[in-house]
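Residue indices begin at 1 and follow the sequence shown.
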Amino acid sequence: MIIRKCEEQDIEAVGQFYDKVVLYLDAHINYPKWRYKDYPSVNSVRGMTHEGSQYLVESSGTVIGAFVFNEDPQGDYSKGSWKVDLPSGSYMVIHGLAVDPSHQGKGIAGKILKYCIGKASDEGYKAIRLDLVPGNIPAMALYEKHGFTYAGTEDLGRGIGGIPAFSLYELNL
C-alpha cells in the first residue's frame, strides 16, 4: 500500500474511485451526504490535484483510498470550540477521506490518519482539524479512535443545501 500525492495522470482514476464510493454510500447509508458526480468528483479531484493537496492510496496499481490534506478549512473554523486557539496556517485540515468499500475494515483509514499526523508534525503544524456531517457515526468513531476530540457543531457558512452545520474535530500535535 502506497500513500502519495495525486498527479495529473491519476485524476480520472481517483475521480472514478470517488464515484464508486458515492454509489456505494447511496445504496447503503450516505453518512457524509456526498453527491454523485458533484462532490467528491473528478472536478474536485482535478482542482485539489492542481493545488497539490489531493492524495491517493494505491495497492497493486489500484486506487483504494483518497483524501485531501491542506490548510484550507473551506469555511469559518473560527466558530469552533477548539482547545487551542490557533491562527489559520498553523493547522492542517483533512477533507474527503474515503476507503474503497471492498477494503474497509483493514486499517487503511487508520494508516491514512497516521500518515497525516506524521506529515503535519514533520512540517511543524500545531494541529489537524476537520469537519463532519453531524451523525456520520463511522467517521466520528474513526477519528475519536485516533485521538481526535469533538470541538462543537457549527454553521461554517458553506451554504451547502441540507447540511446547515458541521461537527468539528481536532487533534493537537
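Note on L25: it does not cluster hydrophobically with I137, by side-chain heavy-atom contacts below 4.5 Å among ILVMFWY residues. Hydrophobic cluster membership is shared by L132 and L142, with clusters built from Ile, Leu, Val, Met, Phe, Trp and Tyr side chains linked at under 4.5 angstrom. Hydrophobic clustering of Ile, Leu, Val, Met, Phe, Trp and Tyr side chains at less than 4.5 Å, counting indirect connections, unites V93 with F166. Under a hydrophobic clustering in which Ile, Leu, Val, Met, Phe, Trp and Tyr are joined whenever their side-chain heavy atoms come within less than 4.5 Å, directly or via other members, V42 and V21 fall into the same cluster. L97 and M92 fall within a single hydrophobic cluster, where Ile, Leu, Val, Met, Phe, Trp and Tyr side chains are chained together by heavy-atom contacts under 4.5 Å.
For the pair V22 and P40, the tightest heavy-atom approach, listed with the atom from each and the gap, is CG2-CD, 4.1 Å. Between I94 and L130, the shortest heavy-atom contact is O-CB, 3.6 Å. The two residues F17 and A98 have their closest heavy-atom pair at CZ-O, 3.6 Å. The heavy-atom pair separating P32 from I163 by the smallest distance is O-CD1, 4.4 Å. Heavy-atom minimum distance, A66 versus Q54: CB-NE2, 3.9 Å. Among all heavy-atom pairs drawn from Y24 and P101, the shortest one is CG-CG, 3.4 Å.
Side-chain contact between Y91 and I128 is absent, with no heavy atoms from C-beta onward closer than 4.5 Å. Side-chain contact check for K20 versus L23: every heavy-atom pair is 4.5 Å or farther apart. Using a 4.5 Å cut-off on side-chain heavy atoms (C-beta onward), E12 and R46 make contact. V63 is not listed as a side-chain neighbour of D10, based on a closest heavy-atom distance of 4.5 Å or more.
For R129, there are no salt bridge (charged side-chain N to carboxylate O under 4.0 Å, His left out) partners two or more places apart in sequence or in a different chain. Y169 is linked by a side-chain hydrogen bond (donor to acceptor under 3.5 Å, both in side chains) to E144, counting only residues two or more places apart in sequence or in another chain. By the side-chain hydrogen bond (donor to acceptor under 3.5 Å, both in side chains) test, D38 is found to be paired with R35, residues two or more places apart in sequence or in another chain being considered. Not counting sequence neighbours, K145 has no partner by the salt bridge (charged side-chain N to carboxylate O under 4.0 Å, His left out) test. Listed by chain and residue number, nothing satisfies the side-chain hydrogen bond (donor to acceptor under 3.5 Å, both in side chains) test with S44 (two or more places apart in sequence, or in another chain).
Judged by distance alone, with hydrogens and angles left aside, the side-chain atoms of N136 form no donor-acceptor pair with the main-chain N or O of V133 at under 3.5 Å. Between the E154 side chain and the S167 main chain, no donor and acceptor come within less than 3.5 Å of each other. A donor-acceptor pair is defined here as one N or O able to donate and one able to accept, closer than 3.5 Å; no such pair exists between the side chain of K79 and the backbone of L156. The closest donor-acceptor contact from the side chain of K5 to the backbone of G52 lies under 3.5 Å. Between the side chain of D100 and the backbone N or O of Q104 there is no donor-acceptor pair closer than 3.5 Å. In this structure, the side chain of T49 engages the main chain of V45 through a donor-acceptor pair within 3.5 Å. In this structure a side-chain-to-backbone donor-acceptor pair under 3.5 Å is missing from H95 to Q74. Judged purely by atom type and a 3.5 angstrom limit, Y18 uses its side chain to pair as donor or acceptor with the backbone of G96.
Side chains of Y77 and D131: a donor-acceptor N/O pair is present below 3.5 angstrom, by distance only. Side-chain contact of S78 with D76: a donor-acceptor pair under 3.5 Å is present, judged by distance alone. T153 and Y150 share a donor-acceptor pair across their side chains, judged by distance under 3.5 Å alone.
Relative orientation of the Y55 and F69 rings is perpendicular, given thresholds of 30° and 60° on the angle between their planes.
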Which atom pairs, one a donor and one an acceptor, fall under 3.5 Å between side chains of residues 106-127 and the rest of the protein, sequence neighbours left out?
from, atom 1, to, atom 2, distance (Å)
K119, NZ, E123, OE2, 2.7
Y125, OH, E71, OE2, 2.5

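Rounding to the nearest 0.5 angstrom, the gap separating the OG atom in S53 from the CE atom in M48 is 4.5 Å.
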* For F67 and I3, run side chain to side chain contact (heavy atoms under 4.5 Å, CB included): C-alpha distance rounded to whole Å, both residues' side-chain angles, the deciding distance at 0.1 Å, then the answer. => CA-CA 10 Å; F67 61 99; I3 299 174; 3.9 Å; yes
* In sequence, state the C-alpha distance, the side-chain angles, and the governing distance for N172 and L86, and then conclude on side chain to side chain contact (heavy atoms under 4.5 Å, CB included). => CA-CA 10 Å; N172 292 301; L86 296 172; 4.3 Å; yes
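The pair R4-E58 meets the salt-bridge criterion, with a side-chain N (NZ, NE, NH1 or NH2) lying under 4.0 Å from an Asp/Glu carboxylate O.
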